[in-house]
Amino acid sequence: MTDAPTTEKGEVGDLFRTVEMGLDARQFLDSRIGRHIAQRALDEMYAATQTLAEVDPFDHKAIVQAQLTHRVASAALSWLAQAIEAGAQAESTLMTMDQSD
């Protein structure tokens, strides 16, 4: 007895969930609140960059804080972009699987 059909069904289910997550992320970014949050993240990144350009180079605490602020905002946007990209790749994989059947 093999687990191939069960494993394949599980993989297909994972692909569908990844597609759904990507679509949800895209829908979120296309919403008013999503655009607002994305813009706030970009504003935070810009402000942190400005702080780094102007801060005393010996003010270690201010430099670390600006870097952290930038990293957090950047990570949030990156997570959404990664979810969208993973969803697109999963959708492509599902389409390929469908064509090979």
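- Tested against Thr49 for a side chain to side chain contact (heavy atoms under 4.5 Å, CB included), the candidates His70, Glu54, Glu44 yield a single pass: His70.
- The OG1 atom of Thr51 lies 9.5 Å from the CD atom of Gln65; values are rounded to the nearest 0.5 Å.
- Partners of Asp30 under the salt bridge (Lys or Arg N to Asp or Glu O under 4.0 Å) rule, at least two apart in sequence or in another chain, are Arg26.
- Between Asp56 atom CG and Ile63 atom CD1 the span is 7.5 Å, to the nearest 0.5 Å.
- Under the rule for a side-chain contact (heavy atoms from CB on, under 4.5 Å), the partners of His36 that lie at least two apart in sequence or sit in another chain are Ile33, Arg40.
- The number of heavy atoms from other shown groups lying within 6.0 Å of CE (Met45) is above 12.
- Minimum interatomic distance between Ala73 and Ala41 (heavy atoms only, all atoms of both residues): CB-O, 3.4 Å.
- Side-chain N/O atoms of Ser31 and Gln27 include no donor and acceptor closer than 3.5 Å.
- With rounding to the nearest 0.5 Å, the separation of CZ in Phe16 from CE in Met21 is 15.5 Å.
- Rounding to the nearest 0.5 Å gives a distance of 10.5 Å between CD1 of Ile84 and CG of Asp24.
- Taking every heavy atom of both residues into account, Ala48 and Ala66 meet most closely at CB-O, 3.3 Å.
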Item to check | Stepwise side chain to side chain contact (heavy atoms under 4.5 Å, CB included) test for Val19 and Leu23 | outcome: CA-CA 6 Å; Val19 169; Leu23 292 172; 3.9 Å; yes
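- In this structure the side chain of Thr93 never reaches within 4.5 angstrom of the side chain of Thr18, judged on heavy atoms.
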Next on the checklist: Before you tell me yes or no, could you show the steps for Ser78 and Gln82 under side chain to side chain donor-acceptor pair (under 3.5 Å), namely the whole-Å CA-CA distance, both residues' side-chain angles and the distance that decides it to 0.1 Å?
Outcome noted: CA-CA 6 Å; Ser78 178; Gln82 289 170 10; 3.0 Å; yes
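- Counting only distance, with no hydrogens or angles, the side chain of Thr96 and the backbone of Ser92 share a donor-acceptor pair below 3.5 Å.
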